[in-house]
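Lettering of chains follows the sequences in order, A, B, ..., and the numbering in each one begins at 1.
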2 protein chains.
Amino acid sequence: MPEGLAATPEPPYYAVLFPARRTPADDAGYAAMAEAMETLAARQPGYLGIESARGEDGVGITISYWTDLDAVRAWKQHAEHLVAQRLGREKWYEHYFLRVARVERAYAWSRPGVTGRGS
Amino acid sequence: MPEGLAATPEPPYYAVLFPARRTPADDAGYAAMAEAMETLAARQPGYLGIESARGEDGVGITISYWTDLDAVRAWKQHAEHLVAQRLGREKWYEHYFLRVARVERAYAWSRPGVTGRGS
């Protein structure tokens, strides 16, 4: 699987869409927490993958993928994740959306001859 | 609505998730086409909004929002969009996913005192 994209299975599964606008505050703390949360999410039951992109304008999008709504709910309520959510509202975010969506169809394309790197 | 985030209505509605890894080729042509497609999408029936973020590692995520599957299908088949899709496979992308998802729940948060800019 190409680095940075999630090797999701055949639908259906769930996606948690998290587009956000950052404050200018505490880049280092934010980056450390984002990395810790990606590592922690990957150890939760029902986790399927994560994709994340953040531009220089401060708008970022993270999408995490889960087998079902129970897995989505359990991750939302995970104790360490709750701390991260609180710190996000206190320091790191100006605005965000949280959208829970059921993936119904999916299609992957790779350039012929390009080999994926990483997981 | 804060700049860069989409002012979506109450669910349900549809999201088209488009995470992609770019080639290093033709940044200017890619940027021009991305902007043209955002403008064109916004004029289509059933369009609800778009969010996009691209990091320096070449991984980007664009999410467009639509009222229903008919609107998703019509945009996919729009003549100018088909040209953009072909050029994307020829020049701009190494890998991508296209996922169609039904948004079932959504929640917005804004920092108290922060006023949204733009549309």
Side-chain angles (χ1 to χ4, degrees), chain A residues 1-8 11-23 49-63 65 69 72 85 88-117, chain B residues 1-8 11-23 49-63 65 69 72 85 88-117:
Chain A
M1 178 50 42
E3 194 178 343
L5 304 190
T8 42
Y13 49 87
Y14 276 81
V16 177
L17 321 182
F18 182 58
R21 174 172 287 279
R22 284 265 287 116
T23 63
I50 199 162
E51 291 160 343
S52 192
R54 183 165 301 278
E56 292 178 6
D57 62 352
V59 172
I61 299 174
T62 297
I63 308 176
Y65 299 99
L69 279 177
V72 170
Q85 292 169 49
R89 289 188 293 268
E90 287 178 8
K91 295 200 288 190
W92 298 319
Y93 296 117
E94 283 194 356
H95 309 277
Y96 63 74
F97 277 92
L98 214 295
R99 298 183 178 100
V100 179
R102 182 177 186 271
V103 178
E104 298 181 345
R105 288 186 298 138
Y107 171 77
W109 180 86
S110 287
R111 176 171 300 280
V114 171
T115 309
R117 291 164 296 166
Chain B
M1 178 50 42
E3 194 178 343
L5 304 190
T8 43
Y13 50 86
Y14 276 82
V16 177
L17 320 183
F18 183 57
R21 173 171 287 279
R22 282 265 288 117
T23 63
I50 199 162
E51 292 160 343
S52 192
R54 183 164 301 279
E56 291 178 6
D57 62 352
V59 172
I61 299 174
T62 297
I63 307 176
Y65 299 98
L69 279 177
V72 169
Q85 292 170 51
R89 288 187 293 268
E90 287 178 9
K91 296 199 287 189
W92 297 318
Y93 295 117
E94 283 194 355
H95 310 277
Y96 63 73
F97 276 92
L98 212 297
R99 298 182 178 99
V100 179
R102 183 177 185 272
V103 177
E104 298 181 346
R105 289 187 297 137
Y107 171 77
W109 180 84
S110 286
R111 175 172 300 280
V114 171
T115 310
R117 291 163 297 165

How close do [X] and [Y] get, counting heavy atoms only, and between which atoms?
X: A:Trp109; Y: B:Tyr93; value: CZ3-O, 3.4 Å
X: B:Leu69; Y: A:Arg105; value: CD2-NH2, 4.3 Å
X: B:Arg99; Y: A:Val103; value: CB-CG1, 4.1 Å
X: B:Ala53; Y: A:Gly60; value: CB-CA, 4.1 Å

Please determine, among A:Tyr13, A:Tyr96, A:Tyr107, A:Tyr14, the option with the most heavy-atom pairs under 4.5 Å with chain B.
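The candidate making the most pairs under 4.5 Å is A:Tyr96.
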Salt bridge (charged side-chain N to carboxylate O under 4.0 Å, His left out) evaluation trace for B:Arg21 with A:Glu51:
CA-CA 11 Å; B:Arg21 173 171 287 279; A:Glu51 291 160 343; over 6 Å; no
Chain A interface, residue from B:Val59, B:Thr62, B:Val100 that has the most non-hydrogen pairs under 4.5 Å:
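Most pairs with chain A among the choices: B:Val100.
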Side chain, backbone, both or neither of [X] within contact of chain A (heavy atoms, under 4.5 Å):
X: B:Phe18; value: neither
X: B:Ala108; value: both
X: B:Arg54; value: backbone
X: B:Thr23; value: side chain

Do A:Ile63 and B:Phe97 have side chains that get closer than 4.5 Å, going by heavy atoms?
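They are not in contact (no side-chain heavy atoms under 4.5 Å apart), so the answer is no.
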Is there side-chain contact between B:Arg111 and A:His95, with heavy atoms separated by less than 4.5 Å?
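Answer no - side chains too far apart.
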